[in-house]
Amino acid sequence: MLNPSSDSRIVKSVGIRINSRLPAGRDFSVKMSSAQVESLQLVPTVAPPKDLGIPIMVNGCTGKMGRAVLEAAMAAGLNPVPVVLGGPDDSGKILDFGGKQIEVHGPSDRESVLSSAFSDYPNLIVVDYTLPAAVNDNAALYCKVGVPFVMGTTGGDRELLYKTVADSNVYAVISPQMGKQVVAFLAAMEIMAKQFPDAFSGYNLQVMESHQASKVDISGTAKAVITCFEDLGASFERDQIQLIRDPRMQIEMVGVPEEHLNGHAFHMYHLTSPDGSVSFEFQHNVCGRSIYAEGTVDAVLFLANKVKSNSDKRIYDMIDVLREGNMR
């Protein structure tokens, strides 16, 4: 059993800890209106951002991650269209984001709504933060309509996802991890695995990951990092991942601040040599959702540029976004 709460004892480790903060110099107030309109009004006290002229549809914006992305997008000067797609329970809701009303449409009319929006806004970029079970159906819809999209939702059949997009020739950014700094860490792991295969041959790997209780699937980032360690020769069975979703354990064992129980991502990887004389620990802890929201906005800007330039390549990931070097 890992004991990640004692950070001070980590000697041979790489750590990333990023806390969520609102953009400096901005004062956001929340105003709730009637039952018919769910209002999350952003009232900035400074001048509005420059309009970048990029329409955006954030599907799943009734959820916390989707809302965070929509807030970050508006702060960056992106333009939310007046409709989004959601589940049957959210169908018919009217959301108010900073004075912009957005209607949520359910599964029954999603194709006609998306097609109409794409016709009205030809430069539309869709962002998906829905549910793992909806990943493949949603991607198939986006590809059928022909709209470029950023897939931030984890889970689903990833092989089928990539095949669906490749067959359609639609532009897309697909990444299980949108946090730019975490992606950079993962890229470094992949480089190490490629250049130094079996460097950790015989080492035993233990993995613990803690997320908010609403996250039902295993972290895609954890899966990717585990693959790197396996390529480096470490021994591991995927069913050995310790998934921590119980709030009490997250506070007492993992060390998650109580105020971030509903939005965090703590990952810990512990390697031990065959004789137990050497150990390595890698850890990246994220509190809040701003790191993912800001990364998603960068992905939207990146994808809009690729569409505008008629790039030959159609499927990208966040490492492509990082390599472009035009992040805010």
Side-chain angles (χ1 to χ4, degrees), residues 13-26 49 52 54 56 58 60-61 63-78 125-129 148-155 158 171-194 209-212 215 219-228 260 263-269 282-307 311 313 315-328:
S13 67
V14 175
I16 301 173
R17 182 165 187 148
I18 303 164
N19 290 317
S20 174
R21 293 184 178 88
L22 290 173
R26 300 177 70 85
L52 299 179
I54 301 175
I56 183 173
V58 181
C61 66
K64 293 177 181 178
M65 188 63 238
R67 286 189 173 186
V69 169
L70 196 49
E71 293 170 16
M74 292 177 66
L78 304 183
I125 304 290
V126 169
V127 174
D128 190 293
Y129 275 104
F149 67 95
V150 174
M151 179 59 73
T153 310
T154 60
R158 305 307 277 193
Y171 287 96
V173 173
I174 302 172
S175 178
Q177 171 60 256
M178 289 291 176
K180 294 173 286 187
Q181 293 77 13
V182 179
V183 170
F185 165 70
L186 177 56
M189 289 295 305
E190 291 176 346
I191 292 170
M192 183 167 65
K194 183 177 181 179
E209 61 103 319
S210 173
H211 288 79
Q212 59 276 5
K215 182 173 176 58
S219 163
T221 302
K223 292 178 181 178
V225 173
I226 289 168
T227 297
C228 292
H260 290 295
H264 71 276
F266 279 36
H267 291 208
M268 289 136 280
Y269 312 91
F282 297 78
Q283 179 173 344
H284 51 93
N285 298 344
V286 176
C287 293
R289 297 177 173 85
S290 63
I291 183 176
Y292 311 117
E294 293 297 333
T296 302
V297 171
D298 282 329
V300 169
L301 297 174
F302 168 89
L303 193 61
N305 183 57
K306 294 303 178 184
V307 173
S311 175
K313 183 176 178 179
I315 304 177
Y316 302 91
D317 57 24
M318 281 302 289
I319 293 177
D320 294 312
V321 178
L322 286 170
R323 285 175 176 156
E324 191 82 353
N326 294 327
M327 295 173 294
R328 298 160 300 117

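Treat the numbers as computed from the prediction; the structure is a model and nothing was measured. The analysis underlying the following values was restricted to heavy atoms, covering all of them including side chains, and did not include hydrogens, waters or symmetry mates.
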Check your understanding: Can you find a pair of side-chain heavy atoms, one from M318 and one from L186, that are under 4.5 Å apart?
Key -> no
Study note, to complete from the structure: Closest heavy-atom pair, A73 versus I56, reported as atoms and distance to 0.1 Å, is CB-CD1, 4.0 Å
Exercise for review: Among V173, L303, V58, find the one that has a side chain to side chain contact (heavy atoms under 4.5 Å, CB included) with I125.
Suggested key: L303
**Study point:** Non-hydrogen side-chain atoms of H284 and T221 separated by less than 4.5 Å
**Key:** yes
Exercise for review: Verify, without hydrogens or angle tests, whether D317 (side chain) and D320 (backbone) share a donor-acceptor contact under 3.5 angstrom.
Suggested key: yes
Check your understanding: Of all heavy-atom pairs between A184 and L322, which one has the smallest distance, and what is that distance?
Key -> N-CD1, 3.7 Å
Practice item. Quick one: do S175 and Y316 satisfy side-chain contact (heavy atoms from CB on, under 4.5 Å)? Show the steps, please. Key: CA-CA 8 Å; S175 178; Y316 302 91; over 6 Å; no
Review point. Is any side-chain heavy atom of F302 less than 4.5 Å from a side-chain heavy atom of K306?
Key: yes
Check your understanding: If every non-hydrogen atom of E294 is compared with every non-hydrogen atom of A72, which pair is closest and at what distance?
Key -> OE2-CB, 3.7 Å
Review point. Closest approach of H260 and G288, non-hydrogen atoms and distance?
Key: ND1-N, 3.7 Å
Check your understanding: Given the rule in the side-chain contact (heavy atoms from CB on, under 4.5 Å) test, do T153 and M65 qualify, once you have shown the distances and angles that lead to the verdict?
Key -> CA-CA 10 Å; T153 310; M65 188 63 238; over 6 Å; no
**Study point:** N/O donor-acceptor pair under 3.5 Å between Q177 side chain and V182 backbone
**Key:** no
Exercise for review: Would you mind reporting whether Q212 and R289 have side-chain heavy atoms less than 4.5 Å apart?
Suggested key: yes
Point to revise | Student check: side-chain heavy atoms of V297 and V127 closer than 4.5 Å | key: no
Check your understanding: Taking side chain as C-beta onward, heavy atoms only, is V225 less than 4.5 Å from F282?
Key -> no
Exercise for review: Go through the steps for V321 and K180 under the test side-chain contact (heavy atoms from CB on, under 4.5 Å), then give the verdict.
Suggested key: CA-CA 9 Å; V321 178; K180 294 173 286 187; 5.9 Å; no
Point to revise | Gap separating the CG atom of N285 from the CE atom of M268, nearest 0.5 angstrom | key: 5.5 Å
Check your understanding: Is the backbone N or O of S311 less than 3.5 Å from a side-chain atom of Y171, with the two atoms forming a donor-acceptor pair by type?
Key -> yes
Practice item. List the atom of C228, the atom of A193, and the distance in Å for their closest heavy-atom pair. Key: O-CB, 3.6 Å
Review point. Do the side chains of I174 and R158 get nearer than 4.5 Å, heavy atoms only?
Key: yes
Check your understanding: Going by the angle between their ring planes, with limits at 30° and 60°, are H264 and H211 parallel, tilted or perpendicular?
Key -> parallel
Check your understanding: Between atom CD of E324 and atom CG of D298, what is the distance when rounded to the nearest 0.5 Å?
Key -> 11.0 Å
**Study point:** Minimal non-hydrogen separation, M178 against M151, with atom names
**Key:** CE-O, 3.6 Å
